[in-house]
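Input: a single structure, listed below in structure tokens.
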Amino acid sequence: MTKYAKEILDIINASSDHLTAEEIFLKLKKKNSKVVLATIYNNLNTLVKNGSVRQIAISGGSDRYDKTVRHDHMICAKCGKISDFTFNDLTRKITEQSGHKILSYDLKISYICDDCNNIETD
Ligand SMILES: [Zn+2]
Ligand SMILES: [Zn+2]
């Protein structure tokens, strides 16, 4: 693993913010002024491919990067905020129902977050 890959992985694992590549870039730039955005993208691709980092595609927004420890996501349909939740592990149920041994699944639940709900009722 390259020095940058290691630092990017550390940034992602230390954050609960579901960072975009640009946000990771800005954090890394504080320590390594010479780093360029292309380096971030290259390393993120490698980290996603080798399973060290989870990539979350957001419709109409930038991809987010997240730690791989098993958890699920609830995404606010209004403000786009992503919150971590850990629901019951569905791996066994899906395996039974699909008849295939599954490698992983990606649960994205759309909802309206408390902040946005409060704006509506005010
Ligand atoms: Zn919201
Ligand atoms: Zn997450």
Side-chain angles (χ1 to χ4, degrees):
M1 197 183 283
T2 66
K3 169 178 164 264
Y4 285 139
K6 173 90 180 66
E7 290 188 27
I8 290 168
L9 189 58
D10 286 346
I11 288 171
I12 292 169
N13 282 332
S15 170
S16 53
D17 286 340
H18 305 94
L19 302 166
T20 63
E22 285 80 5
E23 286 166 337
I24 294 166
F25 171 61
L26 293 176
K27 281 178 188 282
L28 196 60
K29 211 172 159 59
K30 282 185 192 156
K31 281 207 289 177
N32 308 273
S33 55
K34 284 183 191 143
V35 72
V36 295
L37 188 55
T39 305
I40 307 293
Y41 278 112
N42 288 338
N43 281 290
L44 281 171
N45 279 337
T46 307
L47 288 167
V48 169
K49 256 191 211 153
N50 71 22
S52 306
V53 162
R54 175 169 165 186
Q55 185 175 25
I56 313 166
I58 303 292
S59 54
S62 305
D63 286 354
R64 310 298 189 92
Y65 297 90
D66 200 2
K67 39 194 168 291
T68 51
V69 53
R70 207 198 77 72
H71 65 275
D72 304 302
H73 290 123
M74 306 246 313
I75 303 175
C76 177
K78 281 224 156 139
C79 68
K81 186 173 78 182
I82 305 176
S83 304
D84 287 340
F85 280 83
T86 303
F87 299 109
N88 291 339
D89 190 346
L90 298 172
T91 304
R92 215 181 53 137
K93 271 213 165 80
I94 297 169
T95 300
E96 279 171 12
Q97 292 183 10
S98 69
H100 294 284
K101 180 171 167 39
I102 62 161
L103 303 173
S104 65
Y105 66 88
D106 195 356
L107 199 58
K108 258 188 287 188
I109 295 164
S110 179
Y111 80 129
I112 306 289
C113 76
D114 289 346
D115 291 344
C116 292
N117 260 330
N118 288 339
I119 296 166
E120 240 163 50
T121 50
D122 275 353

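Everything quoted here is computed from the prediction, not taken from an experiment.
- The environment of NZ in K27 is sparse: at most 12 heavy-atom neighbours from other residues, nucleotides or ligands sit within 6.0 Å.
- T46 is linked by a side-chain contact (heavy atoms from CB on, under 4.5 Å) to N50, counting only residues two or more places apart in sequence or in another chain.
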Criterion side-chain contact (heavy atoms from CB on, under 4.5 Å) on I75 and S110, from CA distance to verdict: CA-CA 5 Å; I75 303 175; S110 179; 5.8 Å; no
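- Residues M74 and I112 fall into different hydrophobic clusters, defined by Ile, Leu, Val, Met, Phe, Trp and Tyr side chains chained together at heavy-atom separations under 4.5 Å.
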Test log, rule side-chain hydrogen bond (donor to acceptor under 3.5 Å, both in side chains), inputs N88 and K93: CA-CA 10 Å; N88 291 339; K93 271 213 165 80; over 6 Å; no
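- Grouping the Ile, Leu, Val, Met, Phe, Trp and Tyr side chains by contacts below 4.5 angstrom, directly or via other members, places I56 apart from F87.
- Residues L90 and I102 share a single hydrophobic cluster, defined by chaining ILVMFWY side chains whose heavy atoms lie under 4.5 Å apart.
- Between the side chain of T39 and the main chain of V35, no donor-acceptor pair closer than 3.5 Å is present.
- Summarising the geometry, atom CD1 belonging to I119 is positioned 8.0 Å from atom SG belonging to C79; distances are rounded to the nearest 0.5 Å.
- Linking ILVMFWY residues whenever their side-chain heavy atoms come closer than 4.5 Å, directly or via other members, leaves I82 and Y65 in distinct clusters.
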side-chain hydrogen bond (donor to acceptor under 3.5 Å, both in side chains) evaluation trace for D66 with H71: CA-CA 10 Å; D66 200 2; H71 65 275; 2.8 Å; yes
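- In this structure, the side chains of K67 and L9 stay at 4.5 Å or more apart for every pair of heavy atoms.
- Atom OG1 of T68 and atom CD1 of I12 lie 10.0 Å apart (nearest 0.5 Å).
- In this structure, E23 contributes its side chain and T20 its backbone to a donor-acceptor pair below 3.5 Å.
- Looking only at distances, a side-chain donor or acceptor of D89 sits under 3.5 Å from a matching main-chain atom of T91.
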R54 and R64: CA distance, side-chain angles, deciding distance, side-chain contact (heavy atoms from CB on, under 4.5 Å) verdict: CA-CA 8 Å; R54 175 169 165 186; R64 310 298 189 92; over 6 Å; no
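- Under a 3.5 Å cut-off, the side chain of K108 and the backbone N or O of A57 do form a donor-acceptor pair.
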Test side-chain contact (heavy atoms from CB on, under 4.5 Å) applied to H73 and I109, step by step: CA-CA 6 Å; H73 290 123; I109 295 164; over 6 Å; no
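- Rounded to the nearest 0.5 angstrom, S52 OG and I8 CD1 are separated by 11.5 Å.
- Counting only heavy atoms from C-beta outward, the side chains of S83 and C113 never approach each other to under 4.5 Å.
- Taken from NZ in K49 to CD in Q55, the straight-line distance is 11.0 Å, to the nearest 0.5 Å.
- Rounded to the nearest 0.5 angstrom, L26 CG and L37 CG are separated by 8.5 Å.
- I58 and Y111 are not part of a single hydrophobic cluster, where members link through side-chain heavy atoms under 4.5 Å apart.
- If you check the side chains of N43 and T2, you find a donor sitting under 3.5 Å from an acceptor.
- Rounding to the nearest 0.5 angstrom, the gap separating the CG atom in L44 from the CZ atom in F25 is 12.0 Å.
- In this structure, the side chain of S15 does not engage the main chain of I11 through any donor-acceptor pair within 3.5 Å.
- Legend: residues meeting side chain to side chain donor-acceptor pair (under 3.5 Å) with K6, ordered by chain and number and at least two apart, are D10.
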